[in-house]
Amino acid sequence: MKHVRKDTWQKHYDAGRGFRPLGDAERALLAEHVPAPEGGRALDVGSGTGELAAELARMGYRVDAIDFTPGALVRARAEHPETRGVRWLCLDIEHDPLPSPPTGEEGGYDLVTLRLSAAFIQARSRVLCALGARLRERGAVVVITPVVDHTPQERRHIALDEDEISQITDGFEEATRFDAQGLAVLVLRGADGSFTAVEKGRPAPQAVMGAAAVVTNASGDVLLGRSIRGMWELPGGRVEAGESAQASVVRELAEETGLIASVEDAHVITILHDDRLDVRRVSPVVRVTGWEGEPVLREPRNFSRWEWHPLNTLATLGRIFMPSAQALNAVWPGTLPGLPPVHSYPCATAFPPVPGEPAEATRLRGRMADAVVARGRAPSLRVRSALREVPRHRFVPEAPLGTAYDDDLAVVTVREPSGTALSSVSAA
């Protein structure tokens, strides 16, 4: 429904208009289910012209009657001049703090009522939660509202439908519903402030999830398998029900290659997401930093052999399974250029050093990048990122680390027999 502005309500009261009178059925339900305890205090929210507040006072409650329209309170005082035990207060239940108790009295309420006002509260769940938190022990919130099914079409903006009525009961331990001549009367107790995580129905399958294991040996070479489909693949596979990506990689690594690793040595570097035909493909990239054994062919139905490959040769391997190629590029940016775009959600920002990746390389790479940036030779963010991320030493495995990360030195990779340089990795 649309929010009704304060000036609209002011015109309503100034014109002498009112609301549905408090009925005998409502009075009887209040008397039966929320009788006033000794010293009982009540809060009437959206009190309007004060009919319910006056009734609660007659029942023995001391009442705070609140409304955000000054005209409502003017009418209430005028129409109930003999009523005692009511404080008529102008405040907005959605934005103003609840009133403090009178001097010398305890805080909290034994009863909170919302009669014909719930439909006009926009932040209804938040307000009810706040009101429930102000209840004394065994206190109750009573909501009296028209129901859409029993309300003419042109007046349904003042009513709640069954779903909205159900939402009102959220967060209360006890919820009892009564009927009062077509009005729904909800008596709510036990605002426990808890929640329950629930499920919808079975989701329609839209995605497939398979983890990729990135394993390197002491030389920094990465393990790939030649599959029977004629392509190279990283170890890994489908994540089973109830299994983490790390546990999946450890299991698949043992089943496919015979290598034994622990979940503690498996680190999710990033999660890749792309589309294959009409299926969303989700691929956790898991870096395995510790393992035992030697690769053996455990699943000849899927693979013909396992091999260790230097990173600088990966771009010459021919056919590589797309998720494996994307995973390799995620760990070593630029290793396999020209791949299609993929969504990447980085996870681990750091993990223990692994064979072939000495910690010194990280320090030297940072020093090299700082030197290049300081000279003004890396004007774009992408270039600066590449300088700090690409493992340059892997493309010149014969060179010492200091040489690989010298900021002003081209590292020769191929020479003629005479010693003349034919090819090199350019200076950073």
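Just so it is clear, the model here is predicted, and its values are computed rather than measured.
Listed for the Arg156 side chain is a donor-acceptor partner under 3.5 Å among the backbone atoms of Thr151. No donor-acceptor pair closer than 3.5 Å links the side chain of Thr145 to the backbone N or O of Ala184. A distance-only check finds a donor-acceptor pair linking the side chain of Glu164 to the backbone of Asp161 [under 3.5 Å]. Under the 3.5 Å distance criterion, the side-chain polar atoms of Thr316 are matched with a main-chain donor or acceptor of Thr313. Side-chain N or O atoms of Asp110 include none that pairs as donor or acceptor with a backbone N or O of Gly139 at under 3.5 Å. Not a single donor-acceptor pair under 3.5 Å links the side chain of Ser47 to the backbone N or O of Gly50. In this structure, the side chain of Arg281 does not engage the main chain of Met209 through any donor-acceptor pair within 3.5 Å. No donor-acceptor pair closer than 3.5 Å links the side chain of Arg226 to the backbone N or O of Leu224. Under a 3.5 Å cut-off, the side chain of Arg87 and the backbone N or O of Asp64 do not form any donor-acceptor pair. Panel note: side chain Glu307, backbone Leu223; no donor-acceptor pair is recorded below 3.5 Å.
By the 4.0 Å N-to-carboxylate-O rule, Glu105 lies close enough to Arg41 to be salt-bridged with it. Between Arg138 and Glu174 a salt bridge is recorded (basic side-chain N to carboxylate O distance below 4.0 Å). Here Glu162 pairs with Arg177 in a salt bridge; the nearest charged N to carboxylate O distance falls below 4.0 Å. A salt bridge links Arg375 to Asp408: at least one charged side-chain nitrogen sits closer than 4.0 Å to a carboxylate oxygen. A salt bridge does not link Asp407 to Arg367: none of the charged nitrogens lies less than 4.0 Å from a carboxylate oxygen. Between Arg115 and Glu26, at least one side-chain N (NZ, or NE/NH1/NH2) sits under 4.0 Å from a carboxylate O, which counts as a salt bridge.
Nearest heavy atoms, Tyr61 versus Val34: OH-O, 2.7 Å. Shortest non-hydrogen contact noted between Ala213 and Val249 is CB-CG1, 3.4 Å. Counting all heavy atoms, side chain and backbone alike, Ala266 lies closest to Val250 at CB-CG2, 4.4 Å. Considering all non-hydrogen atoms of both residues, Ala378 and Val383 come closest at CB-CG1, 3.9 Å. Across all their heavy atoms, Val268 and Ala245 have their closest contact at CG2-CB, 4.3 Å. The minimum heavy-atom distance between Gly48 and Ala76, with the atom names listed, is O-CB, 3.8 Å.
Annotation: the span from Arg394 atom CZ to Thr216 atom OG1 amounts to 6.0 Å, rounded to 0.5 Å. Distance CE/Met231 to CD1/Ile320: 10.5 Å, rounded to 0.5 Å. How far CG of Leu91 is from CG of Asp67: 9.0 Å, rounded to the nearest 0.5 Å. Rounding to the nearest 0.5 Å gives a distance of 11.0 Å between CG of Leu89 and CG of Asp44. Atom CH2 of Trp308 and atom CG of Asn217 lie 5.0 Å apart (nearest 0.5 Å). The structure places NE2 of His12 at 7.0 Å from CZ of Arg75, a figure rounded to the nearest 0.5 Å.
None of Leu183, Ile165, Leu114, Leu131 except one satisfies the side chain to side chain contact (heavy atoms under 4.5 Å, CB included) rule with Val143; the exception is Leu114.
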Quiz item: Given the rule in the side-chain contact (heavy atoms from CB on, under 4.5 Å) test, do Val214 and Val222 qualify, once you have shown the distances and angles that lead to the verdict?
Solution: CA-CA 7 Å; Val214 180; Val222 65; 4.2 Å; yes
Exercise. Report the C-alpha separation of Thr403 and Val396 in whole Å, then their side-chain angles, then the decisive distance to 0.1 Å, and conclude whether the side-chain contact (heavy atoms from CB on, under 4.5 Å) test is met.
Key: CA-CA 9 Å; Thr403 302; Val396 285; over 6 Å; no
Quiz item: Would Glu256 and Phe303 count as a side-chain contact (heavy atoms from CB on, under 4.5 Å) if you check the C-alpha gap in whole Å, the side-chain angles of each, and the deciding distance to 0.1 Å?
Solution: CA-CA 8 Å; Glu256 293 178 344; Phe303 295 93; 3.9 Å; yes
Exercise. Take Val112 and Arg134 through the side-chain contact (heavy atoms from CB on, under 4.5 Å) test and state the conclusion after the steps.
Key: CA-CA 9 Å; Val112 176; Arg134 294 293 295 271; 5.8 Å; no
Practice problem: Go through the steps for Glu252 and Arg238 under the test salt bridge (Lys or Arg N to Asp or Glu O under 4.0 Å), then give the verdict. | Solution: CA-CA 9 Å; Glu252 290 281 2; Arg238 185 175 62 184; over 6 Å; no
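Crowding of Glu154 atom CD: a count of heavy atoms from other residues, nucleotides or ligands under 6.0 Å exceeding 12. Applying the 6.0 Å contact sphere to CZ of Arg276 captures no more than 12 heavy atoms from other residues, nucleotides or ligands. For Arg280, the CZ atom sits in a packed shell: over 12 heavy atoms of surrounding residues, nucleotides or ligands are nearer than 6.0 Å. Heavy atoms of other residues, nucleotides or ligands lying less than 6.0 angstrom from CD of Glu416 number more than 12.
A 4.5 Å side-chain heavy-atom check between Leu339 and Leu336 finds at least one atom pair inside the cut-off. For the pair His273/Val342, no side-chain contact is recorded, criterion being any heavy-atom separation below 4.5 Å from C-beta on. Between Thr113 and Leu43, the closest side-chain pair of non-hydrogen atoms is not below 4.5 Å. With contacts defined as side-chain heavy-atom distances shorter than 4.5 Å, the pair Val148/Leu160 does not qualify. Residues Arg124 and Glu94 form no side-chain contact, since every pair of their non-hydrogen atoms from C-beta on lies 4.5 Å or further apart. Annotation: side chain of Tyr109 is not in contact with side chain of Leu111 (no heavy-atom distance under 4.5 Å). In this structure, the side chains of Leu116 and Pro146 come closer than 4.5 Å at one or more pairs of heavy atoms. The side-chain heavy atoms of Asn302 and Ser227, taken from C-beta on, include no pair separated by under 4.5 Å.
With ring centers used as reference points, His33 lies under 6.0 Å from Phe178.
Ring geometry, Trp232 versus His309: the interplanar angle exceeds 60°, so the pair is classed perpendicular (tilted spans 30 to 60°).
A search for ring pair (Phe, Tyr, Trp, His ring centres under 6.0 Å) contacts involving Tyr345 returns nothing, not counting sequence neighbours. Here Val296 pairs with Arg298 under the side chain to side chain contact (heavy atoms under 4.5 Å, CB included) rule; sequence neighbours left out. Looking at residues two or more places apart in sequence or on another chain, you find no side chain to side chain contact (heavy atoms under 4.5 Å, CB included) involving Asp179.
Residues Ser424 and Thr413 bring no donor and acceptor atom of their side chains to less than 3.5 Å of each other. Under 3.5 Å, the side chains of Tyr405 and Arg365 contain a donor-acceptor pair of N or O atoms. Neither side chain, Thr335 nor Asn329, offers a donor N or O lying under 3.5 Å from an acceptor on the other. Ser262 and Asp265 are linked by a side-chain donor-acceptor pair at a separation below 3.5 angstrom, with hydrogens and angles left out of the test.
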